[in-house]
Amino acid sequence: MEGSARFGLWFVYIRWDSDNVVSRIRFVRQGVSGPVPLSLSQYLAGKTTTLSPLSSLHEQDDTVFGRIYREVKTIPYGETRTYKEIAESVGTGARVVGMAMKRNLTPILIPCHRVVSTGGLGGYTPDISIKQDLLNLEERVRKRMGITNSSLHLS
DNA sequence: CGTGGTACGGTTA
DNA sequence: TAACCGTACCACG
């Protein structure tokens, strides 16, 4: 199944199967019509902090990238980690983490927007403003829920 | 095959 | 400041 949901000036395209395994998520200018999993539209609307029961097709690989994806998935909603912190957890270099994020086929589900650079935001494809918007959304929701988690940037 | 280029970050001159 | 370099992977000869 496939469909898309609006997110600001962009659309989030998603393709998934009947077992809630997502094979592709992509930010596009023009949306295609079709269904979208409820948890995704609720996440984009700031109504939930979990994307369960969805899972990514690409998080199981027994490669360095696979380990990076699984590590990134453990970053809690509304928090961030640096490329370097993820790299140290996995036992590789920060640049490799950047490469894995760039090639992430299921952004949002594997929350690469929560991985930032030491001195700033880092990058995001296709547009850095999407990363900022996602972080703003999570920040807003976190405050609204009264979560006062001050332990950002902890490994 | 070899090579160059990455959504990084630390080290060195 | 700027120039290197490690590290995993891939596109392109």
Side-chain angles (χ1 to χ4, degrees), chain A residues 2-17 21-32 36-37 39-46 48-52 54-143 149-155:
Chain A
E2 61 174 4
S4 56
R6 177 139 227 146
F7 182 69
L9 301 173
W10 296 83
F11 286 89
V12 180
Y13 164 87
I14 181 169
R15 172 159 37 90
W16 79 107
D17 67 20
V21 176
V22 179
S23 55
R24 193 78 170 92
I25 290 180
R26 191 178 352 195
F27 292 94
V28 291
R29 299 272 189 187
Q30 300 277 329
V32 301
V36 158
S39 62
L40 178 65
S41 46
Q42 286 185 330
Y43 168 84
L44 293 173
T48 180
T49 62
T50 173
L51 289 161
S52 157
L54 299 176
S55 70
S56 170
L57 179 63
H58 310 286
E59 62 191 54
Q60 311 296 352
D61 319 354
D62 187 28
T63 60
V64 172
F65 275 29
R67 277 187 284 143
I68 291 171
Y69 291 145
R70 288 191 290 278
E71 184 68 26
V72 169
K73 274 200 68 173
T74 70
I75 306 174
Y77 184 97
E79 293 191 27
T80 62
R81 297 287 185 283
T82 63
Y83 295 98
K84 183 188 168 188
E85 286 171 324
I86 299 297
E88 284 172 351
S89 300
V90 168
T92 182
R95 193 170 192 176
V96 176
V97 175
M99 204 66 248
M101 297 302 95
K102 183 183 179 183
R103 279 204 239 287
N104 179 11
L105 294 176
T106 52
I108 298 180
L109 207 50
I110 294 169
C112 53
H113 59 281
R114 296 178 193 149
V115 184
V116 299
S117 69
T118 300
L121 201 53
Y124 205 83
T125 306
D127 195 308
I128 190 64
S129 69
I130 298 171
K131 188 175 192 173
Q132 187 67 69
D133 290 344
L134 288 170
L135 290 174
N136 288 346
L137 166 69
E138 296 192 1
E139 174 82 5
R140 214 161 55 232
V141 170
R142 207 182 53 160
K143 277 182 183 164
N149 194 342
S150 57
S151 63
L152 300 180
H153 297 279
L154 204 70
S155 57

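All values reported here derive from a predicted model rather than from experimental measurement. To find a chain, count down the sequence lines: A is the first, B the second, and so on, and within it residues start at 1.
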- Note on the structure: In 5'-to-3' order, the base (B), backbone-only (S) or no-contact (-) status of each nucleotide in nucleotides 7-13 of chain C, using a 4.0 angstrom heavy-atom cut-off, is BSBS---
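- Every residue two or more places apart in sequence or in another chain that forms a side-chain contact (heavy atoms from CB on, under 4.5 Å) with S41(A) is listed here: V36(A), L38(A).
- The side-chain hydrogen bond (donor to acceptor under 3.5 Å, both in side chains) contacts involving residues 66-78 of chain A comprise E59(A)-K73(A), where partners must be two or more places apart or lie in separate chains.
- Separating the CD1 atom of I108(A) from the C1' atom of dA7(B) is a distance of 17 Å, rounded to the nearest angstrom.
- Listed by chain and residue number, T106(A) satisfy the side-chain hydrogen bond (donor to acceptor under 3.5 Å, both in side chains) test with S56(A) (two or more places apart in sequence, or in another chain).
- For the atom pair L105(A) CG and L57(A) CG, the distance stands at 8.5 Å (nearest 0.5 Å).
- Rounding to the nearest 0.5 Å places CD1 of I130(A) at 13.0 Å from CG of L137(A).
- Nucleotides dG9(B) and dC10(C), compared at atom P, are 22 Å apart to the nearest Å.
- Taking the side-chain contact (heavy atoms from CB on, under 4.5 Å) definition, one finds that V28(A) meets it with F11(A), Y13(A), R26(A), sequence neighbours left out.
- One interatomic measurement links the two molecules: CD of E85(A) to P of dG9(B), which rounds to 10 Å at whole-angstrom precision.
- In secondary-structure terms, DNA chain B builds stems of at least 3 consecutive Watson-Crick or G-U pairs, each pair having both distances under 3.5 Å, at B:1-6 with C:8-13, B:8-13 with C:1-6.
- In this structure, the OH atom of Y83(A) is 8 Å from the C1' atom of dC8(B), given to the nearest Å.
- Distance noted for atom C1' between dT1(C) and dA7(B): 23 Å (whole Å).
- Applying the side-chain hydrogen bond (donor to acceptor under 3.5 Å, both in side chains) criterion to Y83(A), with sequence neighbours excluded, gives K131(A).
- Scanning for side-chain hydrogen bond (donor to acceptor under 3.5 Å, both in side chains) contacts around S117(A) gives an empty result, with sequence neighbours left out.
- Between dG10(B) and dC9(C), the two P atoms lie 22 Å apart (nearest whole Å).
- With sequence neighbours excluded, the residues that form a side-chain hydrogen bond (donor to acceptor under 3.5 Å, both in side chains) with Q132(A) are N136(A).
- Pairs engaging residues 116-129 of chain A under the salt bridge (charged side-chain N to carboxylate O under 4.0 Å, His left out) rule: none recorded [sequence neighbours left out].
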Give me the distances for all protein-to-nucleotides 10-12 of chain B N/O pairs that come in under 3.5 Å?
from: dG10(B); atom 1: OP1; to: K84(A); atom 2: NZ; distance (Å): 2.9

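- Residue pairs meeting the salt bridge (charged side-chain N to carboxylate O under 4.0 Å, His left out) criterion with at least one partner in residues 97-123 of chain A, sequence neighbours excluded, are R114(A)-E138(A).
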